[in-house]
Amino acid sequence: NSVPDVHDLFPKYHLPKGLLPGNVQSYSLSSEDNTFIIELTHHCYVQFKDQLVLYDKVLTGKLGYGKVSDVTGIHARKFFIWVSVTGMDVDESSNTIEFHVGVLSQSLPADMFQTIPTCQNKGLQESSLLSSI
């Protein structure tokens with residue numbers, strides 16, 4: 001198979017491998033404009049320290065050097081609502097990744113995304129909240 005794993009493709013764009021979970025089934029990348037479609041085996045949750053993220057089964061966006069734009073299919077839990085991540089930018093000076101949610105953004109340490117995360121069927125915070133009710 002001559003097609004590289006999508007996780008190995010990210011460092012070529014100066015992005016960490018761990019932005020995506022490990023259950024990638026397939027992907028396509030346009031050589032014309034760097035738009036991509038990534039298909040996961042199933043939607044899943046990933047817990048990044050205190051940040052809960054939901055990945056849909058299909059993710060889309062556009063790769064650039066040190067950034068991903070026009071993202072669909074990635075959602076972050078903020079308080080009691082899910083917000084859609086629309087883009088990501090690497091900030092080399094502070095070694096952080098800035099995640100865009102519409103006009104708002106949040107920076108997280110890039111080190112959090114160096115390893116490929118494992119998918120969970122349910123969000124850890126969500127299941128613990130439900131069990132305490």
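Taking SG of Cys119 as the reference point, atom CG of Leu40 lies at 6.5 Å (rounded to 0.5 Å). To the nearest 0.5 Å, atom CG of residue Leu63 and atom OG1 of residue Thr35 are 9.0 Å apart. Separation of atoms CG (Leu20) and NE2 (His7) is listed at 5.0 Å; rounding is to 0.5 Å. Once rounded to the nearest 0.5 Å, the distance linking CD of Gln106 with CD of Gln51 reads 5.0 Å.
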Item to check | Asn95 vs Asp111, side chain to side chain contact (heavy atoms under 4.5 Å, CB included): CA-CA, chis, key distance, verdict | outcome: CA-CA 8 Å; Asn95 196 30; Asp111 294 345; 3.4 Å; yes
Next on the checklist: Assess the residue pair Val83 and Leu104 against the criterion (side chain to side chain contact (heavy atoms under 4.5 Å, CB included)); give the C-alpha distance rounded to whole Å, side-chain angles, the decisive distance to 0.1 Å, and a yes or no.
Outcome noted: CA-CA 10 Å; Val83 292; Leu104 303 174; over 6 Å; no
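For the pair Ile97 and Pro16, the minimum side-chain heavy-atom distance is below 4.5 Å. Counting heavy atoms from C-beta on, the side chains of Val90 and Tyr65 never come closer than 4.5 Å. At a threshold of 4.5 Å between non-hydrogen side-chain atoms, the residues Pro117 and Phe48 count as touching. Residues His42 and Asn121 are in side-chain contact: their nearest non-hydrogen atoms beyond the backbone lie under 4.5 Å apart. Between Glu98 and Asp91 the shortest side-chain heavy-atom distance does not fall below 4.5 Å. Residues Val24 and Ile38 are in side-chain contact: their nearest non-hydrogen atoms beyond the backbone lie under 4.5 Å apart. For the pair Asp56/Ile74, no side-chain contact is recorded, criterion being any heavy-atom separation below 4.5 Å from C-beta on.
Met112 and Val85 fall within the same hydrophobic cluster, where Ile, Leu, Val, Met, Phe, Trp and Tyr residues are linked whenever their side-chain heavy atoms come under 4.5 Å apart, directly or through other members. Residue Leu52 is not grouped with residue Ile116 when hydrophobic side chains (ILVMFWY) are merged at heavy-atom distances under 4.5 angstrom, including chains of intermediate members. Hydrophobic clustering of Ile, Leu, Val, Met, Phe, Trp and Tyr side chains at less than 4.5 Å, counting indirect connections, keeps Tyr55 apart from Ile37.
Of all the heavy atoms in Phe99 and Leu19, the pair that sits closest is CZ-CD2, 4.0 Å. Across His75 and Gly73, no two heavy atoms sit closer than the pair NE2-C, 3.9 Å. When all heavy atoms of Val53 and Trp82 are compared, the pair lying nearest together is C-CZ3, 4.2 Å. Listed here is the closest heavy atom pair of Ser84 and Val101: O-CG1, 3.4 Å. Contact detail for Lys57 and His43: the closest heavy-atom pair is N-CB, 3.9 Å.
Around the CG atom of Leu108, the shell of radius 6.0 Å holds more than 12 heavy atoms that belong to other residues, nucleotides or ligands.
Considering Thr115, Asp8, Asp5 as possible partners of Lys17, the one that fulfils the side chain to side chain donor-acceptor pair (under 3.5 Å) test is Asp8.
Ring centroids of Phe36 and Tyr13 are separated by 6.0 Å or more, keeping the two rings apart.
No donor-acceptor pair under 3.5 Å is formed between the side chain of Thr41 and the backbone N or O of Gln25.
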